[in-house]
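Down below is the structure, laid out as structure tokens.
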2 protein chains.
Amino acid sequence: MTNKGKATSIDIAYLAGVSQSTVSRALRNSPLVKPETVARIQQIARELNYKVDKHASSLRTQQSTTLALLLFEDPTSDDSLINPFFLSMLGSITRACAIKGYDLLVSFQQLSDDWHADYEDSHKADGIILLGYGDDVDYQPKMQQLDAQGTRYVRWGADSGTLCVSSDNRQGGILATQHLIELGHQRIAFIGDASNHYPELFARYQGYAASLLAAGISLEPGLQVDAITTEESGYKATCALLDSKSAGDFTAIFAASDLIAIGAMQALTERGLMPGKDVAIVGFDDLPLARFTTPALTTVRQDTKLAGETLVDKLISRIRGESVEAVTIPTQLIVRNSCGALPGKV
Amino acid sequence: MTNKGKATSIDIAYLAGVSQSTVSRALRNSPLVKPETVARIQQIARELNYKVDKHASSLRTQQSTTLALLLFEDPTSDDSLINPFFLSMLGSITRACAIKGYDLLVSFQQLSDDWHADYEDSHKADGIILLGYGDDVDYQPKMQQLDAQGTRYVRWGADSGTLCVSSDNRQGGILATQHLIELGHQRIAFIGDASNHYPELFARYQGYAASLLAAGISLEPGLQVDAITTEESGYKATCALLDSKSAGDFTAIFAASDLIAIGAMQALTERGLMPGKDVAIVGFDDLPLARFTTPALTTVRQDTKLAGETLVDKLISRIRGESVEAVTIPTQLIVRNSCGALPGKV
DNA sequence: GTTCATAATGAAACCGCTTTCTCAGCCTCG
DNA sequence: CGAGGCTGAGAAAGCGGTTTCATTATGAAC
């Protein structure tokens, strides 16, 4: 079959001496077709290297067996650098889709883009996975629009009314903070979002706050600095912290993400402070690179594998019309060397 | 329009009082339609939130405006961990596709899978981008099959007859090795592939060998150890190197990838050798994490942004039937601290 | 020996769009 | 004034499947 025109079901029908409808049925193992006919037809199809045309099939059945992954980036972050965390998620989502027999379309979007539901409107995908940090205020209108259009989607992030899969960020914050407290730290700074712009980071803050209070340590506003999930932001926030007199003598930092933690470690090092010795640091995410920082970063691991699988599962359920609930995935503290130091003065 | 059935071009035709064919033309700004008619129709389409059905369109035109990215993994490597380098590539490919107006399907494959051309056979994609390290011997049959089927594809890697985009690995090897030589190193080990199983790594080795010879340093087989692109592999190779008597007193390592370099640094550290001080190290790739190792890794940067764009461009050209040539992308030496040491004895 | 489910298949409609073919007006030109 | 030439638009034929509906055996049942 060197002719470029790929074989169609009609070709097979001709070769098998049956009608095209029978071929269509046989290829999908319809019980309406006699078993030996099915076998014969499938054999011929195999020989011809025939594959069902995705578009024809999708057009007729009105479903594409394709999911779209929309990763949208905070416009404030570096244009070309994708957060490694999402890259990990992408990996696990890809795998989960393959297992479920769905194709995966991937697209990176600016939050400002008018992407809303394009993928579903044009029937490119049966459902959408939304991935990305970002100010919740920016998301809300989009979500509402999706809901209004009846678009099937799941979102990674913090619970916000819509169908959502997320790590247990609050619990992760508790894990991190308790660890520091157990090591004897009392003045623990938090770098991240404490004002609920980024719900995930905010939940980590809540865990932090809850742990402190539970340990009888009062919250000090001066020990909290806002940052988004980039090194630059973590770096700047830490500098601000070091410069402020009120922060004075913190002995530990809970960074709301590994990237922030890395920026923080840079800032500390530049000021002659040794991370892990002079100041303990805990991050969040457990990026692949967390093992390779110096000192190796103690951090809260998000289970990206499970997360990806769950996102895909839930989305497929939703596409099938089943009712689905939000899911929270536990986190895990990974102890490395960045808290190795005894609490010391800054 | 709360009805679930999405609007079709017929709905628009009805509302605009024209025929459906005219709608189709108008939506694609055909000059066959009077400008004011075009405007009216597009206006209505906008109001209805109408999007052309991808499948219907693709079925009719026989092209999907979609590219497939097949990332296949060396079965020898860890199952769930994707090489960060490919993740970067994926990022840039995604962007390049978006710019060109193509959708991108992403799939991870085992090299052993019978994926060949499935994406094209079923018309899911107009062309395929192949990404992944792997023994060239394993690839050849696949490539030939793709060629035989007339599948449009581009491959990232080393030049091998097929349309291919790659970094100038040999030049990168030269950059790295010359850097070490200029720093005064004479006994430079190479960890990677010196037997042309992995053409990319082998090209780096060739650059290494050429540089040594150009500097009048003879190649010592004992200073070369095979490794694939993982930390474990780099770790083991370095241990082997340290254990072998013939290697004895090397003062520098050129690792064929950053992951190998990181493994090497771990091995050195465990043996009480300080990377960057006792032994200089150069890596290859410039992964995001290279900046965060200790010491920060001097490495050869591959321009993933340009690489992704080029892959996409070339593939689209090929789809259009234009004749395309293999492309080689220059690399760049990024000097950090891992070669900071004066040459010392091991 | 009709009648009637049942099984296996074929014919044809249809999914929503693109594109070719046709055609009605309306000009231009010799 | 009749023969072409344009313009703008409609009718209809696909694209390659899926699915409904109709049809022909084939026994089973009465």
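Here the structure is a predicted model, which means the values were calculated and not measured. Below, all heavy atoms of this structure are taken into account, side chains as well, without hydrogens, waters or symmetry copies. Order of the sequence lines sets the chain letters (A, B, ...), proteins ahead of strands, with each chain counted from 1.
Remark: F86(B) engages Y133(B) in a ring-ring contact (aromatic ring centres under 6.0 Å, His included) (not counting sequence neighbours). For T22(B), the side chain to side chain contact (heavy atoms under 4.5 Å, CB included) partners are V18(B), S19(B), R25(B), V33(B), T37(B), I41(B), not counting sequence neighbours. Residues that satisfy the ring-ring contact (aromatic ring centres under 6.0 Å, His included) test with H123(B), not counting sequence neighbours, are absent from this structure. With sequence neighbours excluded, no residue forms a salt bridge (charged side-chain N to carboxylate O under 4.0 Å, His left out) with R60(A). Applying the salt bridge (charged side-chain N to carboxylate O under 4.0 Å, His left out) test to K124(B) and every residue at least two apart in sequence or in another chain returns D103(A), D118(B). For the salt bridge (charged side-chain N to carboxylate O under 4.0 Å, His left out) test, residues two or more places apart in sequence or in another chain that qualify with K100(B) are D313(B). Taking S88(A) as the reference, P288(A), T304(A) meet the side chain to side chain contact (heavy atoms under 4.5 Å, CB included) condition, with sequence neighbours excluded. Evaluation of the side chain to side chain contact (heavy atoms under 4.5 Å, CB included) rule for S9(B) yields Q20(B), V23(B), Y50(B) as partners, not counting sequence neighbours.
Within 4.0 Å of Q20(A), counting heavy atoms only, lies at least one base atom of the nucleic acid.
For the pair D11(B) CG and dC15(C) P, the interatomic distance rounds to 12 Å; values are reported in whole Å.
From the 5' end on, the contacts that DNA chain D makes with chain B at under 4.0 Å to a non-hydrogen atom open and close at dG8(D) to dG16(D).
In the helix from dG1(C)-dC30(D) to dG30(C)-dC1(D), the end axes, each obtained as the rotation axis mapping the C1' atoms of four pairs onto the next four within a five-pair block, lie 60° apart to the nearest 10 degrees.
The phosphate of dG10(C) has OP1 or OP2 within less than 4.0 Å of a side-chain N or O from S19(A).
There is no side-chain donor-acceptor pair under 3.5 Å between Q43(B) and R40(B).
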Could you list the donor-acceptor pairs under 3.5 angstrom formed between side-chain atoms of residues 319-327 of chain A and any protein atom two or more places apart in sequence or on another chain?
| residue | atom | partner | partner atom | Å |
| --- | --- | --- | --- | --- |
| E322(A) | OE1 | S317(A) | OG | 3.4 |

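The stretch residues 21-41 of chain A comes close to DNA chain C through S21(A), T22(A), R25(A), L32(A), V33(A), K34(A), T37(A), each having a heavy atom under 4.0 Å from the strand.
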